[in-house]
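First up is the structure itself, then whatever we jot down about it.
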2 protein chains.
Amino acid sequence: MAITIKDIANKAGLSPASVSRILTNRGRFNEDTAIRVRELAHSMGYLKNQSAADLSQQKSRIIGILVPIEHTNFADEIIKGMQNKAHEFGYELLITFIDVNESQQIQTVQSLLSRQILAIFMLAIDMSPAVFKLLINSKVQLLSISNQLDSQIPSISSDNYVMMKKIVDYLVSHGHKKIALIGSSSQFPIVAQLRRQGFIDGLAAHGISYNPDFIWGTTLSYQTGLETIKHFGLPLPFTAAIGSADIISIGLLNSAKDANLDIPNDLSIISIDGTELTQITRPVLTTIQQNFQLMGELAITTLHENKFTEEKVIFTKTKIVPGKTVAINYESI
Amino acid sequence: MAITIKDIANKAGLSPASVSRILTNRGRFNEDTAIRVRELAHSMGYLKNQSAADLSQQKSRIIGILVPIEHTNFADEIIKGMQNKAHEFGYELLITFIDVNESQQIQTVQSLLSRQILAIFMLAIDMSPAVFKLLINSKVQLLSISNQLDSQIPSISSDNYVMMKKIVDYLVSHGHKKIALIGSSSQFPIVAQLRRQGFIDGLAAHGISYNPDFIWGTTLSYQTGLETIKHFGLPLPFTAAIGSADIISIGLLNSAKDANLDIPNDLSIISIDGTELTQITRPVLTTIQQNFQLMGELAITTLHENKFTEEKVIFTKTKIVPGKTVAINYESI
DNA sequence: TTGAAAGCGTTACCAT
DNA sequence: ATGGTAACGCTTTCAA
């Protein structure tokens, strides 16, 4: 049987109430006895029973994190950012991987909900309607990170529309006019829509009308990148391509190599995300880097400061990190 | 206020005890009333308060997973395997990332321990002594995955000694006699020791005496791989190198490319782990693949069947997956 | 098959 | 500053 507050109270000649106040630093108590109690607790090897505390307080300090099981590597960076701040403010992160199986999703979410969770953060996830309903009804604080969902649910992400315009500006300033967007042609997530619109508007701002065929590929996968060259055939009808995720860009790079293309002279590539994965390719990828770690930190601090009622949509900055995969296109100049 | 068992009991004209028995499928009850109660619970939107249940039972179904924050990507595969089985048996996984900061490690472990956890699984982790002591004293079931610790603690991993001999056999059968081992020269983890010994004994079995200088690199990092060529200088004194982790092998591959070496003709590379990362390089890496997903599944099933008292060390099989980075070394034939 | 009641460990209110 | 005690929601033993 483990040591309880009662045991400490007995040994200290105090009531459980006092010990509780001291150990949680709540309410009034004498600092001298406090020192004694803390000492005692430590020497007796006391460990708080968090279930009892949660039950008593009808709430916990747990934040549930939903991560897609096929998670892109940037999820780790977001979690890292959250972890830093969570530790600082005394939150616990309950990380759960969810897969596409809806019944499993529901079970997972319910098991989170049954612990009087403080909030649920969703990483790059598009919910199925059933799960969505479950979450909405649960009244816990929701937050979508690196993706935007319903406008009701607060989100932290990059401004995908603006980001895409920045990318187009960058490529156009390097002489590119025929540009492809790979991996953002699906209807969901909303991020894909925003990116498409930013892409189209970005081109239009330079007086370039976009070619619908150049928006291709539905999934953010290596395979999508790998199939790009084959899909369009040689010679490629564009001089630059935007990979909607690092793993796509790597696939694209590899398929270009397999087709004996010279990167960046035969094809310029710029990658969205800019995780460390982009540093291990040859040539090193030019990217627009999202600040995932900051997203994670903001998620926690904003929750902690209870700011989600005021700010529904929070953007973090992106920056272009030049690598060796974008060349100047002299032909069009 | 959320719906409780009492609310259901009232509405059903039963006692809380009966409702509890029905909802948990424990003890005896009338199947007809059971159907009614389950129906009622569902329609009222009942959600079990798990903290209360854990408190009452003085235990939980939570398994704590400790993952190094700089985790290699195979951690995801292990977790995936665990997740499958955990779902099947009704366990909850509480995944926590721990970093090198010891005080943070202690806090993390304590927060796990304060939830009457069922077991703690450690992924590729070497504990600091303080944390180790904490865990040992806690009496929870411990398990080390993909690493071996103290012989007291059960582990699931590949047989690193045998694996290394297999690698050596493979390289020798391809005509290599001068072989380097990159990234396993540190004292810890124990895995590194086992690999070194397997390497030395594997060579000895072929009558090759090993060159201590060829065991180089302490960390399992990209950087280690990247610095290998520079460290040894050109021409390389060996014809084949073993990367102790995929990320090392990729670094090695890149530094070889940067030095204008022709892989595999100027240098053969074989990588340990064989995660999907090895498929996105050019040329594709030859690897010895560990079965991480199976490790994860075995972790859960062995716990579930309470077999850890019988079997302390469980090995999963490894297999060589040929890529394009090992060539036959004709010179030595 | 069902119910009453005690108990899990902590917290918080109200007294003192 | 400290103590007594009810309460949190669920489980379990024992009795009916």
Side-chain angles (χ1 to χ4, degrees), chain A residues 1-38 40-41 44-62 90 92 110-111 113-118, chain B residues 1-38 40-41 44-62 90 92 110-118 138:
Chain A
M1 201 80 291
I3 308 293
T4 74
I5 270 193
K6 238 180 191 162
D7 299 328
I8 300 177
N10 285 341
K11 221 165 200 159
L14 288 170
S15 75
S18 300
V19 176
S20 172
R21 271 181 308 235
I22 289 168
L23 260 23
T24 53
N25 262 307
R26 270 190 280 261
R28 265 179 281 285
F29 51 81
N30 182 307
E31 188 52 41
D32 289 341
T33 58
I35 292 174
R36 202 159 51 87
V37 166
R38 281 192 275 260
L40 211 47
M44 294 171 75
Y46 168 74
L47 208 57
K48 172 200 269 205
N49 183 323
Q50 196 62 50
S51 301
D54 289 352
L55 174 60
S56 176
Q57 298 187 114
Q58 312 226 67
K59 68 174 183 224
S60 75
R61 303 277 290 171
I62 301 181
E92 286 178 76
Q110 282 186 329
S111 111
L113 258 25
S114 65
R115 285 188 190 278
Q116 283 84 270
I117 271 217
L118 203 63
Chain B
M1 202 80 289
I3 309 294
T4 73
I5 267 192
K6 233 180 194 163
D7 299 327
I8 300 177
N10 285 341
K11 220 164 200 156
L14 288 170
S15 74
S18 300
V19 176
S20 170
R21 271 180 306 236
I22 290 168
L23 259 25
T24 52
N25 261 308
R26 268 190 280 262
R28 264 178 280 284
F29 51 81
N30 183 306
E31 187 53 40
D32 289 341
T33 59
I35 291 174
R36 202 160 51 86
V37 166
R38 282 192 275 258
L40 211 47
M44 294 171 76
Y46 169 74
L47 209 58
K48 174 200 270 206
N49 183 323
Q50 196 61 50
S51 303
D54 288 353
L55 175 60
S56 176
Q57 298 185 114
Q58 311 227 69
K59 68 175 182 223
S60 75
R61 302 276 292 172
I62 300 179
E92 286 178 78
Q110 282 187 330
S111 111
L112 280 185
L113 258 23
S114 66
R115 286 189 189 277
Q116 284 85 268
I117 273 219
L118 203 63
S138 75

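Order of the sequence lines sets the chain letters (A, B, ...), proteins ahead of strands, with each chain counted from 1. The figures here come from the full heavy-atom set of this structure, side chains too, leaving out hydrogens, waters and symmetry mates.
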Open item on the list: Taking any heavy-atom pair under 4.0 Å as a contact, classify R26(A): base, sugar-phosphate, or nothing.
Closed with: sugar-phosphate

Open item on the list: Side-chain N or O of Q57(B) versus OP1/OP2 of dC10(D): is the shortest distance under 4.0 Å?
Closed with: no

- [ ] Could you tell me whether the phosphate oxygens of dG9(C), OP1 or OP2, come under 4.0 Å of any side-chain nitrogen or oxygen in S56(A)?
- [x] no

Task: Pair K59(A)-D54(A), side-chain contact (heavy atoms from CB on, under 4.5 Å): steps then yes or no - done: CA-CA 5 Å; K59(A) 68 174 183 224; D54(A) 289 352; over 6 Å; no

Open item on the list: Could you tell me if the side chain of L23(B) sits less than 4.5 Å from the side chain of Y46(B), heavy atoms only?
Closed with: yes

Open item on the list: Taking 4.0 Å as the cut-off, does a side-chain nitrogen or oxygen of K59(B) come that near to OP1 or OP2 on dC8(C)?
Closed with: no

Task: Non-hydrogen side-chain atoms of R36(B) and N30(B) separated by less than 4.5 Å - done: no

Task: Under 4.0 angstrom between Q58(B) side-chain N/O and dG9(C) OP1 or OP2 - done: yes

Open item on the list: Students often get this wrong, so: under 4.0 angstrom with heavy atoms, is T24(B) touching a base, only sugar-phosphate, or nothing?
Closed with: sugar-phosphate

Task: Side-chain N,O (T33(B)) to OP1/OP2 (dT2(C)) below 4.0 Å - done: yes

- [ ] Classify the side-chain pair S18(A)/R21(A) by whether it contains a donor and acceptor separated by less than 3.5 Å.
- [x] yes

- [ ] Tell me which residues in residues 5-19 of chain A put a heavy atom below 4.0 Å from DNA chain C, sorted by number, or none.
- [x] I5(A), A17(A)

